[in-house]
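Below, all heavy atoms of this structure are taken into account, side chains as well, without hydrogens, waters or symmetry copies.
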Amino acid sequence: MLVAFMWGTSYTFIKMAIAGNMPPSVINVLRGLISAILVYIFFHKVVNDMTLEELELGSIAGLLNFVVVQLQSTGLQFTTSSNSSFITATYVIFLPFFTWIFFGKTPPKKIYVSIVICMIGILFLTKIITNGLEIHIGDTLTILTAIVFAGQLAYYSFTMQKVRPQNIAFLLGAVQAVLALIYSTTIDLHRLPQINWQQSIIPVIILGVVATFAAQVLQVSSQKYTDTVTAGLILMTESLFASIISVIFGFEPMTKQLIIGGTLIIISTLIAEFDIRGLITRYIVTKKRVHFRK
């Protein structure tokens with residue numbers, strides 16, 4: 001739950017840094033650098049023992065991660081924290097299609113139901129259902145974020161057995177910092193003098209320490225003590241936390257479209273991610289039978 005809360009706060013802190021005229025690329029430079037430094041401080045023995053194969057596989061993972069964070073943080077310039085978090089959660093709907101491409105496993109029928117519900121939720125969330133069809137660049141970039149993130153997770157299935165998690169964490173931060181530095185000193189170079197460092201630096205430090213480094217370490221550690229289904233259900237509350245925190249900090253109002261759209265997207269991701277019948281059997285039917293026997 002703490003990991004989900006940390007991830008949920010990241011959207012608001014990115015918005016705070018952007019409000020100080022800090023380009024997303026600079027945010028990602030500092031965020032990745034802070035995380036990589038902290039990983040090295042705590043796990044330097046493992047990082048120093050990195051193999052060439054780990055470097056190659058981890059660098060590709062870092063490249064995918066950079067694309068995800070750059071798309072997401074750029075999209076946040078043009079959309080709300082709630083929209084970004086709820087739409088990003090739709091990666092669980094795209095993931096089965098990447099599994100189909102890489103492993104040849106056909107997506108289950110429930111995925112198509114999830115897509116329909118999810119699209120209706122996005123129509124509410126982006127206000128298309130009330131204001132008519134408009135192209136929202138922020139929401140479009142966030143949808144691309146969800147698609148690339150699904151591809152990143154599919155790639156992880158190839159690499160996680162070959163790369164130690166400490167080295168993955170280090171390379172995610174290091175590659176993100178290097179590529180974002182290149183981006184910021186080329187494409188965003190003209191925006192650098194406009195940065196209000198006094199306003200932006202604290203949110204970025206919090207992003208690097210809490211939402212990047214600490215959240216990754218806690219996730220790896222805590223999942224040793226819980227099952228995948230429970231962990232997945234808890235981590236999906238990230239979008240709920242993101243919305244609540246954004247409303248509390250005054251970045252957006254609590255609207256009917258937000259409630260309806262967010263609820264539909266959560267329902268669609270739950271359908272896509274979990275075996276509902278299995279959950280009912282596991283947590284309700286079985287417990288009732290045990291209680292009856294007692």
Side-chain angles (χ1 to χ4, degrees), residues 2-35 65-91 122 124-127 134-146 148-149 176-177 180 183-184 187-188 191-192 194-215 235-255 257-259 261-262 265-266:
L2 184 57
V3 172
F5 175 77
M6 288 177 172
W7 284 350
T9 63
S10 67
Y11 298 88
T12 297
F13 288 120
I14 291 173
K15 294 288 282 188
M16 287 180 173
I18 290 173
N21 294 323
M22 180 174 282
S25 57
V26 178
I27 295 173
N28 292 327
V29 170
L30 299 174
R31 183 178 179 179
L33 183 62
I34 291 170
S35 179
N65 180 66
F66 166 72
V67 175
V68 168
V69 296
Q70 189 62 36
L71 281 172
Q72 185 181 60
S73 53
T74 303
L76 267 168
Q77 294 179 99
F78 310 103
T79 190
T80 64
S81 299
S82 293
N83 279 25
S84 182
S85 60
F86 282 124
I87 294 173
T88 301
T90 63
Y91 76 86
I122 290 176
F124 275 100
L125 206 61
T126 56
K127 300 181 182 178
E134 298 176 2
I135 302 299
H136 301 273
I137 183 64
D139 295 330
T140 301
L141 289 173
T142 309
I143 291 172
L144 290 175
T145 300
V148 178
F149 186 54
Q176 174 181 320
Y183 192 104
S184 63
I187 297 174
D188 284 340
R191 300 177 60 184
L192 301 186
Q194 304 170 8
I195 299 174
N196 184 336
W197 288 96
Q198 186 176 2
Q199 182 177 350
S200 301
I201 193 63
I202 297 301
V204 170
I205 291 174
I206 294 173
L207 279 169
V209 176
V210 177
T212 308
F213 168 71
L235 290 176
M236 284 182 65
T237 61
E238 170 196 352
S239 58
L240 177 62
F241 283 124
S243 180
I244 293 173
I245 292 168
S246 182
V247 170
I248 290 174
F249 276 84
F251 277 95
E252 60 185 299
M254 180 65 74
T255 64
Q257 288 88 350
L258 173 61
I259 295 172
I265 289 176
I266 288 177

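- In this structure, CZ in Phe241 is found 12.5 Å from OG1 in Thr12, a value given to the nearest 0.5 Å.
- Closest non-hydrogen pair, Leu71 versus Val148, comes out as CD1-CG2, 4.0 Å.
- In terms of heavy atoms, Arg31 sits closest to Gln176 at CB-NE2, 3.9 Å.
- Ile34 and Gly208 get closest at one heavy-atom pair: CG2-C, 3.7 Å.
- Here the shortest heavy-atom pairing between Ala215 and Trp7 reads CB-NE1, 3.3 Å.
- Taken from CD in Gln77 to CD1 in Ile14, the straight-line distance is 10.5 Å, to the nearest 0.5 Å.
- Applying the side-chain hydrogen bond (donor to acceptor under 3.5 Å, both in side chains) criterion to Asp188, with sequence neighbours excluded, gives Ser25.
- The backbone N or O of Leu76 sits less than 3.5 Å from a side-chain atom of Lys15, completing a donor-acceptor pair.
- Counting heavy atoms from C-beta on, the side chains of Ile195 and Pro23 come closer than 4.5 Å.
- With sequence neighbours excluded, the residues satisfying side-chain hydrogen bond (donor to acceptor under 3.5 Å, both in side chains) with Gln72 are Tyr11, Thr88.
- Put simply, the side chain of Ser35 never gets that close to the backbone of Gly32: no donor and acceptor are under 3.5 Å apart.
- Atoms CE and CD1, from Met16 and Ile202 in turn, are 11.5 Å apart once rounded to the nearest 0.5 Å.
- Residue Thr145 comes nearest to Val68 through the heavy atom pair CG2-O, 3.7 Å, listed as atom of the first residue, atom of the second, then distance.
- With values rounded to the nearest 0.5 angstrom, Ile206 atom CD1 is found 4.0 Å from Phe13 atom CZ.
- Within the 3.5 Å criterion, the main-chain N or O of Ala242 finds no donor-acceptor partner in the side chain of Ser246.
- Open room surrounds CD on Gln198; 12 or fewer heavy atoms of other groups in view lie less than 6.0 Å from it.
- Looking only at distances, no side-chain donor or acceptor of Thr79 sits under 3.5 Å from a matching main-chain atom of Gly75.
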side-chain contact (heavy atoms from CB on, under 4.5 Å) between Ile18 and Ile27, worked out: CA-CA 8 Å; Ile18 290 173; Ile27 295 173; 3.9 Å; yes
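- The side-chain heavy atoms of Tyr183 and Val29, taken from C-beta on, include no pair separated by under 4.5 Å.
- Of all non-hydrogen atoms in Thr142 and Ser84, the two that sit nearest each other are CG2-O, 3.4 Å.
- Atom CG in Leu207 sits 12.0 Å away from atom CE in Met6 (nearest 0.5 Å).
- For Ser73, the side-chain hydrogen bond (donor to acceptor under 3.5 Å, both in side chains) partners two or more places apart in sequence, or in a different chain, are Asn28.
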